[in-house]
Amino acid sequence: MRQAKLGQPVTRRLGDLLVAEGLINEEQLAKALAEQRGSTEKLGTILLKLNFVQEEQLIGFLSRQYGIPSITLSRLDIDPEVLKLVPDAIAKKYEVLPIKKSGSTLTLAMADPTNVFALDDVAFMTNLQVTPVVASQAAIRKAIERNYDAQSDAVTDVMTALSAEVGNVEVVEDDTPSKVDVFELKESADEAPVVKLVNMVLVDAIRKGASDIHWEPYEKVFRIRFRIDGVLHEMLAPPKRLEPAIISRLKIMSNLDIAERRMPQDGRIKLRYNTREIDFRVSILPTIFGEKAVLRILDKDALNLDLTQLGFDPWSLEKFGHAIKQPYGMVLITGPTGSGKTTTLYSAIHTINSPEHNIMTAEDPVEYNLKGVNQVQVDEGVGRTFAAALRSFLRQDPDVILVGETRDLETAQISIRAALTGHLVFSTLHTNDCPSTVARLVDMGIPPFLIASALQLILAQRLGRKVCKDCKEPYEADEESLVPYGHVPTGLGKTQFYKGKGCQVCNFTGMKGRIALYEVMPVSQELRDAILKAAPTTELREIAQAQGMKTLRQSGLSKVIDGTTTVDEVLRVTMS
């Protein structure tokens, strides 16, 4: 069968077309062509590695030029039966990927839709009419690795490369007996290949510096993703038939009920990996295609409790350091889930921890054990709520109280009363920035006069990825180019920014590790007066900025100038 006809043929070179379109300039094209010499990489892949174009821009451009649709492979679940139509050797040879079969038509993702040899070969071996769609070379390579390399029926084949490096992995048993009612499920979960596969994934996540592991069931596939530096990456797709055994294995390790498949469950795994002990917080959630498990990795060895190393600028560090050493008042830390609030809170507690202080915390869950700190695990099932724990704390002669999260009016009221009666109170809240935190407290029902009296400081934060140290390279830039994004010029003029070229260490992303962006708002007398008058958020922001507060965006842009991160990364995690 012959392949489907393409749109208008591309007669000019890709680089010239991209320059004509204004997506890159002549200098960038020359640099990319020099980089391409001696390699088998396509020009588009080189441009992506050098961060001269975004993948969406490149794919959209190729789609217009070839006159065929584009596709985003990272969001696609491919039926294993469709993958069998094109052997992995052919897929790797031509860098193509079968997407779906509809009747006598096969949709094929290609980096180069003009490759008639690839189209003819696939059409001949499948006896189907081939319809090409365009995707980037890098995306196709990742998708081939993810889909083909993970389809081996024998799980031991999947992990051969890593089995020698897994080392000594041992689950540290909890005293709590696990309830096992489904004998067949337990037997399959205890089989050596499943045990080895789960151990391999856990160890691989630790070695790669992942913060979360997602085990996700879909209709025809089962995939495993790691969150590395705040971004999810697909790592493995074990056979769908192994999904119940893998999830059951995770439940057994975390002492959960493997017979319960209709209700969410939460547990914990303590893993001894060589000489390190690492905790995993486990959450099991029933979905329409099976149970999804998410493991949050709590690596005590990776916890940095040094305030000076977290990313504060000198002004913010001075104000925050001053606030946490006050004898009473409230310090609020705000930001979405996974923005590093726990690390900042623990760092603050670590800084002021001494034999003279009675420090008590109510957390859900207790993520890390802090020496010399009385930590309480909240359990709403037995009535041990944040509010109940706080009431008990006040009868325990505390100096410093940490409330893991202010979720309701009752908790907020008790926290503020504690701050007004001689206690230093730390807590977290889910708001977008510092000034809007006041509006959130008022919305919860706290009177403005109590907020004004109790608050010492509000800190908002986000986590952004850092430029990879192993492949970072400078490029000429001007401080003025950051002004449209909200930067306040300092007269620096021409300078050097940095970006990652992409290497094996950073998985060719150019980014490795994370840095916190901080917005610190000390509550001055002028701000207290404005809060008392129920001033709008915009007025509070103006007052705070006039007194030296940098917004999250400005904090991020200053780190671009320092060479720590990139403009694109700051725009990804902050709002203007």
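- Each of Arg462, Arg541, Met549, Gln461 was checked for a side chain to side chain contact (heavy atoms under 4.5 Å, CB included) with Glu519, and the lone residue meeting it is Met549.
- Interatomic distance, CG of Leu271 versus CG of Asn199, reported as 6.5 Å (0.5 Å rounding).
- The CD atom of Glu405 lies 11.0 Å from the CG atom of Leu345; values are rounded to the nearest 0.5 Å.
- A 4.5 Å side-chain heavy-atom check between Thr428 and Leu332 finds every atom pair outside the cut-off.
- Interatomic distance, NZ of Lys319 versus CG of Leu459, reported as 14.0 Å (0.5 Å rounding).
- Under 3.5 Å, the side chains of Ser427 and Ser415 contain no donor-acceptor pair of N or O atoms.
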Verdict with reasoning, Leu390 to Leu394, per side chain to side chain contact (heavy atoms under 4.5 Å, CB included): CA-CA 6 Å; Leu390 266 173; Leu394 295 176; 5.8 Å; no
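- Listed here is the closest heavy atom pair of Pro489 and Glu480: CB-OE2, 3.9 Å.
- The number of heavy atoms from other shown groups lying within 6.0 Å of NZ (Lys142) does not exceed 12.
- Look at Asp568 and Arg572 and you find no salt bridge, because none of the NZ, NE, NH1 or NH2 atoms lies under 4.0 Å from a carboxylate O.
- Taking the charged nitrogens against the carboxylate oxygens, Lys501 and Glu473 have no contact shorter than 4.0 Å, which rules out a salt bridge.
- Rounding to the nearest 0.5 Å gives a distance of 9.5 Å between CE of Met200 and CZ of Arg207.
- For the residue pair Asp433 and Ser436, a side-chain donor N or O sits within less than 3.5 Å of a side-chain acceptor on the partner.
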Derivation and outcome, side chain to side chain contact (heavy atoms under 4.5 Å, CB included), residues Asp399 and Ile359: CA-CA 6 Å; Asp399 298 298; Ile359 303 174; over 6 Å; no
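- Thr551 and Gln545 are not linked by any side-chain donor-acceptor pair at a separation below 3.5 angstrom, with hydrogens and angles left out of the test.
- Among pairs with a residue in residues 305-326, those fulfilling ring-ring contact (aromatic ring centres under 6.0 Å, His included) read Phe312-Phe320, Phe312-Tyr518, at least two apart in sequence or across chains.
- Cation-pi geometry between Lys499 and Tyr475 is met: the NZ or CZ atom falls under 6.0 Å from the ring centre, inside 45° of the normal.
- No hydrogens or angles considered: a donor-acceptor pair under 3.5 Å links the side chains of Gln547 and Ser524.
- The backbone N or O of Ile297 lies less than 3.5 Å from no partner atom in the side chain of Asp212, so there is not a single donor-acceptor pair.
- A donor-acceptor contact shorter than 3.5 Å links the side chain of Lys559 to the backbone of Gly311.
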Step-by-step salt bridge (Lys or Arg N to Asp or Glu O under 4.0 Å) determination, Asp529 to Lys533: CA-CA 6 Å; Asp529 294 340; Lys533 293 187 295 185; over 6 Å; no
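- Side-chain contact between Leu295 and Ile269 is present, with heavy atoms from C-beta onward closer than 4.5 Å.
- Contact between Ala348 and Leu307 at its shortest, heavy atoms only, is N-CD2, 4.4 Å.
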Audit row: Leu463, Val573, side chain to side chain contact (heavy atoms under 4.5 Å, CB included) steps and yes/no: CA-CA 7 Å; Leu463 289 176; Val573 298; over 6 Å; no
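- A salt bridge does not link Arg225 to Glu234: none of the charged nitrogens lies less than 4.0 Å from a carboxylate oxygen.
- Remark: the backbone N or O of Pro536 is not paired with any side-chain donor or acceptor of Glu539 at under 3.5 angstrom.
- Residues Leu202 and Phe280 meet the side-chain proximity criterion, which asks for heavy atoms closer than 4.5 Å.
- Looking only at distances, a side-chain donor or acceptor of Arg553 sits under 3.5 Å from a matching main-chain atom of Tyr485.
- For the residue pair His487 / Gln554, no side-chain donor-acceptor distance below 3.5 Å is found, with atom types taken as modelled.
- At a cut-off of 3.5 Å, with distance as the only test, no side-chain donor of Thr406 or Thr411 sits close to an acceptor on the other residue.
- Remark: the backbone N or O of Arg465 is not paired with any side-chain donor or acceptor of Asp229 at under 3.5 angstrom.
- Here CD of Glu216 is found 7.0 Å from CG of Leu232. Values are rounded to the nearest 0.5 Å.
- Taking a cutoff of 4.0 Å between a charged side-chain nitrogen and a carboxylate oxygen, Lys466 and Asp562 do not qualify as a salt bridge.
- The structure places CE of Met235 at 13.0 Å from NE2 of His214, a figure rounded to the nearest 0.5 Å.
- Panel note: side chain Ser481, backbone Ala477; no donor-acceptor pair is recorded below 3.5 Å.
- Side-chain atoms of Ser354 and His357 form a donor-acceptor pair, as typed in the model, at a separation below 3.5 Å.
- In this structure, the side chains of Thr564 and Tyr498 stay at 4.5 Å or more apart for every pair of heavy atoms.
- Using a distance-only test at 3.5 Å, with no hydrogens or angles considered, no donor-acceptor pair links the side chain of Gln326 to the main chain of Gln456.
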Evaluation steps, side-chain hydrogen bond (donor to acceptor under 3.5 Å, both in side chains), between Glu363 and Gln375: CA-CA 7 Å; Glu363 304 170 60; Gln375 295 172 274; 3.0 Å; yes
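- In terms of heavy atoms, Ser555 sits closest to Leu517 at OG-CA, 3.9 Å.
- In this structure, the side chains of Phe426 and Val400 come closer than 4.5 Å at one or more pairs of heavy atoms.
- Gln377 places a side-chain N or O within donor-acceptor distance of the main-chain N or O of Val366, the cut-off being under 3.5 Å.
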Salt bridge (Lys or Arg N to Asp or Glu O under 4.0 Å) between Arg384 and Asp364, worked out: CA-CA 11 Å; Arg384 194 162 63 235; Asp364 184 18; over 6 Å; no
Chi angles and distances behind the side chain to side chain contact (heavy atoms under 4.5 Å, CB included) call for Val201, Trp215: CA-CA 10 Å; Val201 172; Trp215 314 70; 3.6 Å; yes
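- Taking both residues in full, the closest heavy atoms of Leu552 and Ala460 are given as CD2-O, 3.6 Å, listed atom of the first, atom of the second, then distance.
- Looking at Arg528, its side chain does come within 3.5 Å of a backbone N or O of Leu455 through a donor-acceptor pair.
- Remark: the backbone N or O of Lys270 is not paired with any side-chain donor or acceptor of Asp279 at under 3.5 angstrom.
- Contact detail for Ala362 and Ala389: the closest heavy-atom pair is CB-CB, 4.0 Å.
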